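Not measured: the values here are computed from a predicted model.
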Number of protein chains: 2
Amino acid sequence: MSIAWDDIRTVLMLVRHRSLAGAADALGVNYTTVARRIRRAEEALGHPLFERLPDGYRPTAAAHLIAQHADQMEDTEHSMMRQLQGIETTLSGVLTLTAPQLLIANFLAPVIEQFTNMHPNIELRILATNTLLDLTRLEADLAIRISRTPGDTLKGLRLLRQENASFASQEIADRIASDPTAMIDWIVYDAYPDLPKGIDAGFPNNRVRYRFDDMVAMLGAAQAGLGVVRMPMFLGRAATGLALVPVLSPQPYADIWVVGHPDVWPSQKLRAFRSILVKYCKTHKQDFVA
Amino acid sequence: MSIAWDDIRTVLMLVRHRSLAGAADALGVNYTTVARRIRRAEEALGHPLFERLPDGYRPTAAAHLIAQHADQMEDTEHSMMRQLQGIETTLSGVLTLTAPQLLIANFLAPVIEQFTNMHPNIELRILATNTLLDLTRLEADLAIRISRTPGDTLKGLRLLRQENASFASQEIADRIASDPTAMIDWIVYDAYPDLPKGIDAGFPNNRVRYRFDDMVAMLGAAQAGLGVVRMPMFLGRAATGLALVPVLSPQPYADIWVVGHPDVWPSQKLRAFRSILVKYCKTHKQDFVA
DNA sequence: CATACTACATGCAAAAATGCATGCATGAGT
DNA sequence: ACTCATGCATGCATTTTTGCATGTAGTATG
């Protein structure tokens with residue numbers, strides 16, 4: 001009566017995903033393999049672990065017990081992998097980075113290029129995403145985040161302070177300049193559906209015209225001349241066809257941080273990347289404020 | 001960059017046993033398999049884990065890091081296996097019991113027989129040993145131990161209080177009875193090399209004649225008429241050819257306990273065994289005291 | 001009622017992992 | 001110097017594991 005560690009992990013995944021296919025995906029194997037490993041585990045333990053119902057596998061109490069412990073084992077594994085990364089000294093292998101897509105497209109691209117040129121043996125993997133990835137699980141080694149604080153248990157470095165302002169197409173900008181009292185149409189972010197605070201008293205007529213849940217889309221809408229958007233300074237400047245409009249005076253916005261798990265932080269690869277990143281940010285500070 | 005859990009376990013075993021063959025034994029595989037799994041792990045991590053020296057594999061820092069975490073994972077696995085045992089309700093499968101050899105041979109045999117008759121589907125595995133097995137690692141499910149306390153973190157039930165006395169062959173017993181002042185030869189246990197305390201004043205001449213490190217051997221020596229041995233009441237009575245000699249008056253000795261890990265303790269199989277065991281002990285109390 | 005979809009079982013061929021036999025290097029014992 | 005034991009590498013045959021193709025049951029959907 002004993003069980004292979006790989007099979008423990010398979011039970012965990014099946015409990016977690018509730019279908020052979022889901023578990024198989026998570027494990028990177030075919031779902032038939034999952035079915036067979038489960039059967040093997042059940043035989044090894046002399047204990048049924050799942051009920052085979054017409055709509056899927058349903059874990060028994062024993063399976064839940066296993067999953068609970070396997071969860072702990074997985075935590076330990078992740079901690080191990082992070083620490084292995086942390087003691088890594090060679091400048092080769094993969095380095096995974098995550099950052100907001102707009103920051104990559106409009107600011108970080110040169111950093112990435114410079115890094116890959118300087119360290120051709122490091123394969124840089126970029127995850128452009130808006131959701132926060134879990135650095136504890138090593139979904140990424142480093143994350144560049146826009147937030148007021150670095151993560152809870154993460155180690156972080158403040159790269160830049162930045163400011164917000166209002167931007168619109170050149171045409172709209174001209175119109176506002178010529179008649180500040182005309183109605184100004186705003187494009188706002190879904191999560192903050194009201195008019196931005198701090199609109200200058202010289203522009204009395206404002207209304208929310210569009211609400212988007214995606215900043216890329218808002219940028220496009222502004223470029224197409226649909227209205228005024230509040231956005232970070234660097235973005236308004238970098239995006240073609242947009243002009244600063246003085247409706248909203250520049251105001252501080254969430255800082256830009258680079259964060260990582262303390263375990264992997266000391267790795268040479270990460271040091272190398274941070275050094276280039278920090279240098280680049282220092283020389284481009286002025287792009288982020290008025 | 002990731003690693004199979006079975007390979008983590010293999011690294012652990014190789015760090016622990018310091019040779020392919022040792023690790024292979026522990027894992028129940030051929031040593032070439034261990035070598036290949038290690039190579040695979042190194043390739044997966046892109047990291048050497050062992051130096052190949054002429055006299056064996058020597059773990060690198062990374063391997064030690066892995067072993068350290070794998071150790072934790074193993075603890076979790078053991079805890080899992082124990083709890084799985086604990087929720088077991090079927091009266092089938094294996095039940096592993098450990099007890100001192102002399103207790104099995106001279107007292108427990110009927111319990112074992114009765115149990116296997118009542119529960120023919122349970123395969124009873126008996127480890128007759130003097131060393132303490134690790135119940136945390138599930139080397140055994142239940143242990144019967146002679147000691148003053150139950151184990152530290154173990155759950156225990158006191159089965160019997162017992163007393164010691166002095167025994168010898170009939171011939172010696174007769175000689176002592178006819179002349180209490182004649183020299184009495186003692187056979188003592190290596191760990192307590194002096195004459196036992198509490199020898200009755202009526203027997204003034206005593207000396208240590210033999211020292212053994214094994215109780216079975218001492219028993220044989222006493223039966224062969226080499227001298228007087230202090231031993232538990234039940235043993236002196238059960239062993240053929242021995243008679244109680246009044247040199248040492250009966251005195252309390254370490255109790256007999258049945259102990260187990262709290263996780264596995266509730267299992268139906270263990271309950272069943274304990275119930276037979278306890279009943280048997282109750283009806284045989286008198287064999288253990290004067 | 002036909003249709004598509006999900007979730008799984010099963011048989012077979014391909015791929016991977018394993019065990020075994022053989023050979024080499026080193027160190028200990030005689 | 002010779003033998004033996006330990007510890008490992010390598011090539012090959014076998015076994016095990018895996019993936020894929022096909023088939024079935026239940027469940028929506030129009």
Q: Nearest whole Å is fine: how far is dT6(D) P from D25(B) CG?
A: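 Distance check: D25(B) CG to dT6(D) P gives 12 Å.
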
Q: To the nearest Å, give me how far apart NE2 (H17(A)) and P (dC8(C)) are.
A: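 That distance rounds to 13 Å.
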
Q: Between atom CZ of R16(A) and atom CZ of R9(A), what is the distance when rounded to the nearest 0.5 Å?
A: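 Reported to 0.5 Å precision, the distance equals 9.0 Å.
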
Q: Look at N30(A) and dT18(D) and indicate whether a side-chain polar atom (N or O) is within less than 4.0 Å of OP1 or OP2.
A: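 Negative; the distance criterion is not met.
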
Q: Once you round it to whole Å, what is the distance between P of dA17(C) and CD of E43(B)?
A: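 So the CD-P distance, E43(B) to dA17(C), works out to 11 Å.
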
Q: Rounding to a whole Å, what distance do you find between R52(B):CZ and dT10(D):C1'?
A: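 R52(B) atom CZ is separated from dT10(D) atom C1' by 14 Å.
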
Q: Within this structure, what is the CG-to-P distance between L20(A) and dT24(D), rounded to whole angstrom?
A: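 Distance check: L20(A) CG to dT24(D) P gives 19 Å.
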
Q: How many whole angstroms separate atom CZ of R58(A) from atom P of dA7(C)?
A: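 Between P of dA7(C) and CZ of R58(A): 17 Å.
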
Q: Within 45° of the six-membered ring axis of W265(A) and under 6.0 Å from that ring's centre, is NZ or CZ of R271(A) located there?
A: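 The answer is no, since R271(A) fails at least one limit relative to W265(A).
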
Q: Both R37(A) and P54(A) contact DNA chain D. Taking the nearest nucleotide for each, which residue is further toward the 5' end?
A: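 Here R37(A) is the residue nearer the 5' end.
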
Q: Indicate whether OP1 or OP2 belonging to dA21(C) is found under 4.0 Å from a side-chain N or O atom of Y31(B).
A: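 It does not, given that no N or O in the side chain of Y31(B) lies less than 4.0 Å from OP1 or OP2 of dA21(C).
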
Q: Look at the side-chain N and O atoms of R40(B) and state whether any lies under 4.0 Å from the OP1 or OP2 oxygen of dA17(C).
A: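 Answer yes for this pair, as a side-chain N or O of R40(B) is under 4.0 Å from OP1 or OP2.
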
Q: Do we see a donor-acceptor contact under 3.5 Å between the side chains of T90(B) and E88(B)?
A: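 Yes, E88(B) and T90(B) have a side-chain donor paired with an acceptor closer than 3.5 Å.
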
Q: Quick check against the 3.5 Å criterion: does E42(A) have a side-chain atom that pairs as donor or acceptor with the backbone of L49(A)?
A: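 Yes: the side chain of E42(A) pairs with the backbone of L49(A).
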
Q: The side chain of T32(A) lies closest to which of these nucleotides: dA9(D), dC20(D), dG19(C)?
A: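 Closest nucleotide among those given: dC20(D).
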
Q: Tell me whether T98(A) contacts the main-chain N or O of L127(A) through its side chain, where contact means a donor paired with an acceptor under 3.5 Å.
A: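 Present.
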
Q: Just N and O in the side chain of T33(A): are any of them under 4.0 Å from OP1 or OP2 of dG19(D)?
A: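 For dG19(D), OP1/OP2 do have a side-chain N/O of T33(A) under 4.0 Å.
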
Q: Quick one: D55(A) CG to dC5(C) C1', roughly how many Å, whole number?
A: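 After rounding, the gap between these two atoms is 14 Å.
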
Q: Counting only side-chain N and O atoms of Y57(B), is one of them less than 4.0 Å from OP1 or OP2 of dT6(D)?
A: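 No, Y57(B) has no side-chain N/O under 4.0 Å of OP1/OP2 on dT6(D).
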
Q: If I take atom CD1 in residue I38(B) and atom P in nucleotide dC8(D), what distance separates them, rounded to the nearest angstrom?
A: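 Between P of dC8(D) and CD1 of I38(B): 11 Å.
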
Q: For a quick test of reading the model: is some side-chain N or O of R36(B) closer than 4.0 Å to OP1 or OP2 of dT10(D)?
A: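 The answer is no; no side-chain N or O of R36(B) sits under 4.0 Å from OP1 or OP2.
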
